[in-house]
Student: 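A single structure is presented below for examination.
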There are 2 protein chains.
Amino acid sequence: MELGKLYKCLCDVQRLRIVNLLMQGALCVCHLQEILDESQVKVSKQLQYLKKMGLVSAQREGMWMVYSLNKPFHPLLVANIQASLVLRDEYPFFAEDLIKRELILKRFTENRAECPKVVYQSCENKG
Amino acid sequence: MELGKLYKCLCDVQRLRIVNLLMQGALCVCHLQEILDESQVKVSKQLQYLKKMGLVSAQREGMWMVYSLNKPFHPLLVANIQASLVLRDEYPFFAEDLIKRELILKRFTENRAECPKVVYQSCENKG
DNA sequence: TTAGTATATTCTAATACAGATATATACAGA
DNA sequence: TCTGTATATATCTGTATTAGAATATACTAA
């Protein structure tokens, strides 16, 4: 992947947070929206951007559009997310978002109807 | 430093290459121009951009403007450059630029008049 | 002072992007 | 078919960025 493109994906904090989240597994728009506390339009647009750049893919499941980070993950993507997670004093939202994600996934185990299969599966894979 | 800003600095390949080079030591515009094989205006503008973003500083020495990467280097900057250097099959220009830089510095040892002191010193420091 | 070298600025036009608002589509269930 | 939920698209506005060309500045040396 072209380097300029890659960094363009990361140079918006919302997108950066989305990438961080998707690296843990697929998520649908509404849950990204919930975690990022952003409007639907904004989240959807950023996802379109990431899709246009070839970083993510979308997959419909019923009402939901499930987005996932394309594999294999680019080494630089991994390096950046890992490095950012380490700098949690300066950029706490990375870790915080992952916690919010965990809570949502936990909620799913109680009410599976709230969540697309794909997301649930990626949750189960994690153990 | 704000993350968005940092990645904006990196999302242009010329700027990325400049950062890679400056991480090794200060350089003046004309030598960056030579290594990147770009027009003076473009190189100068990218340097202004990086300066505006707070990533580099400029220092005049005679005819030359010497640019250096502000310290301390941001951990994410270091992580990205290191990771990019490792991926030399995909992004060979990083390593190539460093070789060109070495050649220029070697040229300076033969003709010191061609080079500002600051650059020469950073060259000597390296061994 | 003049010429030459190194660098920066200004102008214009093109493009990309972000935010807001409104509207449209896709699907599920009654 | 109607309703609600989830998601996407369109439009407009403002701002940021980029490129190229021309010009200006800063300094050196003669």
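Residue numbering restarts at 1 for every chain, and letters A, B, ... go by the order of the sequence lines.
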Student: Here's a test of your reading of the structure: between B:Met63 and A:Asp12, which maps to the more 5' nucleotide of DNA chain C?
Tutor: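 Looking at the nearest nucleotide for each, B:Met63 comes out on the 5' side.
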Student: What is the distance from CD of A:Gln46 to C1' of C:dA16, rounded to the nearest Å?
Tutor: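 Result: 13 Å.
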Student: Using a cut-off of strictly less than 4.0 Å, decide whether A:Gln40 has a side-chain nitrogen or oxygen near OP1 or OP2 of D:dA6.
Tutor: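 Checking A:Gln40 against D:dA6: no side-chain N or O falls below 4.0 Å of OP1 or OP2.
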Student: Closer to the 5' end of DNA chain D via nearest nucleotide, is it B:Val41 or B:Lys52?
Tutor: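 It is B:Lys52 whose nearest nucleotide is closer to the 5' end.
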Student: Can you tell me how far C1' of C:dA8 sits from CG of B:Leu47, to the nearest Å?
Tutor: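 The distance from CG of B:Leu47 to C1' of C:dA8 comes to 11 Å, rounded to the nearest Å.
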Student: In Watson-Crick or G-U wobble terms, both distances under 3.5 Å, what is the partner of D:dC27?
Tutor: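 Pairing partner: C:dG4.
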Student: If you compare every side-chain N and O of B:Arg60 against the phosphate oxygens of D:dT28 (OP1, OP2), does one of them come in below 4.0 Å?
Tutor: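 It does not, given that no N or O in the side chain of B:Arg60 lies less than 4.0 Å from OP1 or OP2 of D:dT28.
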Student: Could you state the atom-to-atom distance from CD of A:Glu38 to C1' of C:dA18 in whole Å?
Tutor: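 The answer, rounded to whole Å, is 11 Å.
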Student: Please answer whether the main-chain N or O of A:Lys8 pairs with a side-chain N or O of A:Arg15 as donor and acceptor at a distance below 3.5 Å.
Tutor: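 Looks like yes, one N/O pair under 3.5 Å.
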Student: Expressed in angstrom and rounded to an integer, what is the separation of A:Leu27 atom CG from D:dT7 atom P?
Tutor: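 Answer to the nearest Å: 11 Å.
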Student: If you round to the nearest 0.5 Å, how far is CD1 of B:Ile104 from CD of B:Glu102?
Tutor: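 Reported to 0.5 Å precision, the distance equals 10.5 Å.
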Student: Is the phosphate of C:dA8 approached by B:Ser44 (side-chain N or O, under 4.0 Å from OP1 or OP2)?
Tutor: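 It does, given that an N or O in the side chain of B:Ser44 lies less than 4.0 Å from OP1 or OP2 of C:dA8.
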Student: In whole Å, I'd like the distance from the CD atom of B:Gln33 to the P atom of C:dA6.
Tutor: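 In whole Å, C:dA6 P and B:Gln33 CD are 9 Å from each other.
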Student: What is the distance, to the nearest angstrom, from the CD atom on B:Glu61 to the P atom on D:dT28?
Tutor: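 For the pair B:Glu61 CD and D:dT28 P, the rounded distance is 10 Å.
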Student: To the nearest 0.5 Å, what is the distance between CG on A:Leu50 and CG on A:Leu69?
Tutor: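 Taking CG in A:Leu50 and CG in A:Leu69, the distance rounds to 8.5 Å.
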Student: Apply the test side-chain hydrogen bond (donor to acceptor under 3.5 Å, both in side chains) to residues A:Asp12 and A:Tyr49: give CA-CA distance (whole Å), side-chain angles for both, the deciding distance (0.1 Å), then the verdict.
Tutor: CA-CA 11 Å; A:Asp12 178 284; A:Tyr49 187 98; over 6 Å; no
Student: Whole angstrom is fine here: how far is it from NZ in B:Lys42 over to P in C:dA6?
Tutor: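 Checked: the NZ to P distance equals 21 Å.
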Student: Base, sugar-phosphate alone, or nothing: which one does B:Lys45 contact when heavy atoms must sit under 4.0 Å apart?
Tutor: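 Base contact.
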Student: Show the numbers, then the answer: is there a side-chain hydrogen bond (donor to acceptor under 3.5 Å, both in side chains) between A:Asn80 and B:Asn80?
Tutor: CA-CA 7 Å; A:Asn80 276 282; B:Asn80 275 283; 2.7 Å; yes
Student: Would you say a side-chain N or O of B:Tyr67 is under 4.0 Å from OP1 or OP2 of C:dA8?
Tutor: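 Indeed, a polar side-chain atom of B:Tyr67 lies that close.
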Student: Atom CG of B:Leu36 and atom C1' of C:dT7: how far apart are they, to the nearest Å?
Tutor: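 Value for this atom pair: 15 Å.
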